[in-house]
Amino acid sequence: MHRAEGGGATINAWLLAVFALIVVGVAVGVPVVTSHQEDRAIRRFAHAESERNAQMVFDHLYSVMSKGWTRDDIDEILARINSRGDSVEVSLYRGPAVAAQYGPHGQSAAAIAADPMVRQVFDDGADQLIEVGGDLRYLYPLVSEEGCLDCHAGSNVGDVNGVLDVRFATADMRVPLRTTLHSAKWLYGAAAALLFVVLFIMIRAFIVRPIIDLSGTMRLILESDDLGQRITVRRLWPREVRMVGTDFNKLMEELDRGRMDLRNQSEHDPLTSLYNRRHFDAALVSEVARAKRTGRGLSVLLIDLDRFKPINDTYGHGAGDAVLKAVASVLQARSRQVDTVARIGGDEFAVLAPETAGPQGEALAEALATAIADAAVTFDGHALSVGASIGVASFNHEAPEGAAALLARADEEMYRRKQARHRMQLM
């Protein structure tokens, strides 16, 4: 894994940071949401439970009142309800109309005078749910109906004849609800954690990992200048990521092929496909250094064609090109794989023969001269042939010299032999 230029966090670090923020957000948010939901659920549950209990108490009281039971009987029933030992406490406050008909009730009068919530329920006839010191208080209005007018002659339909005051201790409600919510919270947390882990692994394996591989491969190419490097495209990667990897590999193939073509063009002669002068000079320097280091033989052959200019002048450059190609084929066929064969000028060629001492170089020159003279080229029905003047210079370990000096000796020898051949032709 490589760091970006100029420093900065890696993509893995960014991914971990994002998931860490999500985890922290969930860890902080879940308790807040759970607590809020717990309070809302308790209020809904308490309201429904209070209304149900108040209605049950009222129905019970209504049944005994319809039988003509007295106020003391009703108070006794309420006392029995409150003596059950559970968390519910019930009080009944009688309204002014009931007090005027059946006589005042001290507890009711005191509650109406001291408690504004009780007075409000008497005034507007709407129930109230109030939380007081951790307990819930439910005020339930007893509204006069048609059936109530038989006993409450001074009342009208819709009047509030009384208020039931039901008090609950919310602790008993919170325990089972909190247990349920906590179980759900832990289950949700575990599921969320598992989801985050799976999501993190998938994103890292199928998105982050390919990016890292691509970045690493590009870095390796830049550092090693090796365009043969490729990224391995996985079948399980998303389609878009696979396309990026595939396109990258195709691009590298094109670049590698383009570089090879450029290198081939820069090192080879376009007509004969032999090495050019640039490559030959570099190879000569390298082989001279190796000969000095190892003490082994090295010969340089410079070849200049005889009777080539008349062919160009008589038959045209097409004929001359055909002759040059034929000579190139002869040189390649007669040379070894370790030899460097190059076209270094118009009709000049060179052979760099490692592991070849003086006598061997002379023998190679004779063999090449004979093969070139024997090679006939047919062009437009004309049989064309040339000769060759070949100069040989072998590396002298007793008086080591550089590449330029060795090449100059071969050139001098080639010129000497060409002049000697010319004098013989004039005689």
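Note that the structure is a prediction, hence the values are computed from the model and not measured. Reckoned from all heavy atoms, side chains included, excluding hydrogens, waters and symmetry mates.
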**Report entry** Trace of the salt bridge (Lys or Arg N to Asp or Glu O under 4.0 Å) decision for Arg290 with Glu355
**Finding:** CA-CA 10 Å; Arg290 191 167 75 93; Glu355 309 289 335; 3.4 Å; yes
Query - Residue pairs, two or more places apart or on separate chains, that pass side chain to side chain donor-acceptor pair (under 3.5 Å) and touch residues 364-374 - result: none
Query - NZ/NE/NH1/NH2 to OD/OE distance under 4.0 Å, Glu413 and Arg416 - result: yes
Query raised in the report: Do Asp165 and Tyr93 have a side chain donor and acceptor closer than 3.5 Å?
Result: yes
**Report entry** Sequence-distant partners of Phe248, ring-ring contact (aromatic ring centres under 6.0 Å, His included), two or more places apart
**Finding:** none
Query - Met117 CE: over 12 foreign heavy atoms closer than 6.0 Å - result: yes
Query raised in the report: Is it true that the side chains of Asp304 and Ser389 contain a donor and an acceptor less than 3.5 Å apart?
Result: no
Query raised in the report: How about His397: does its NE2 atom have over 12 heavy atoms from other parts shown lying under 6.0 Å from it?
Result: yes
Query - Arg119 and Asp123 ion-paired at < 4.0 Å - result: no
**Report entry** Between Thr356 and Arg336: side-chain donor-acceptor atoms closer than 3.5 Å
**Finding:** yes
Report task. Say whether, by atom type as modelled, one donor and one acceptor occur between the side chain of Arg409 and the main chain of Ser394 under 3.5 angstrom. Result -> yes
Report summary line: Residues at least two apart in sequence or cross-chain that pass ring-ring contact (aromatic ring centres under 6.0 Å, His included) with Phe280, listed by chain then number, are none
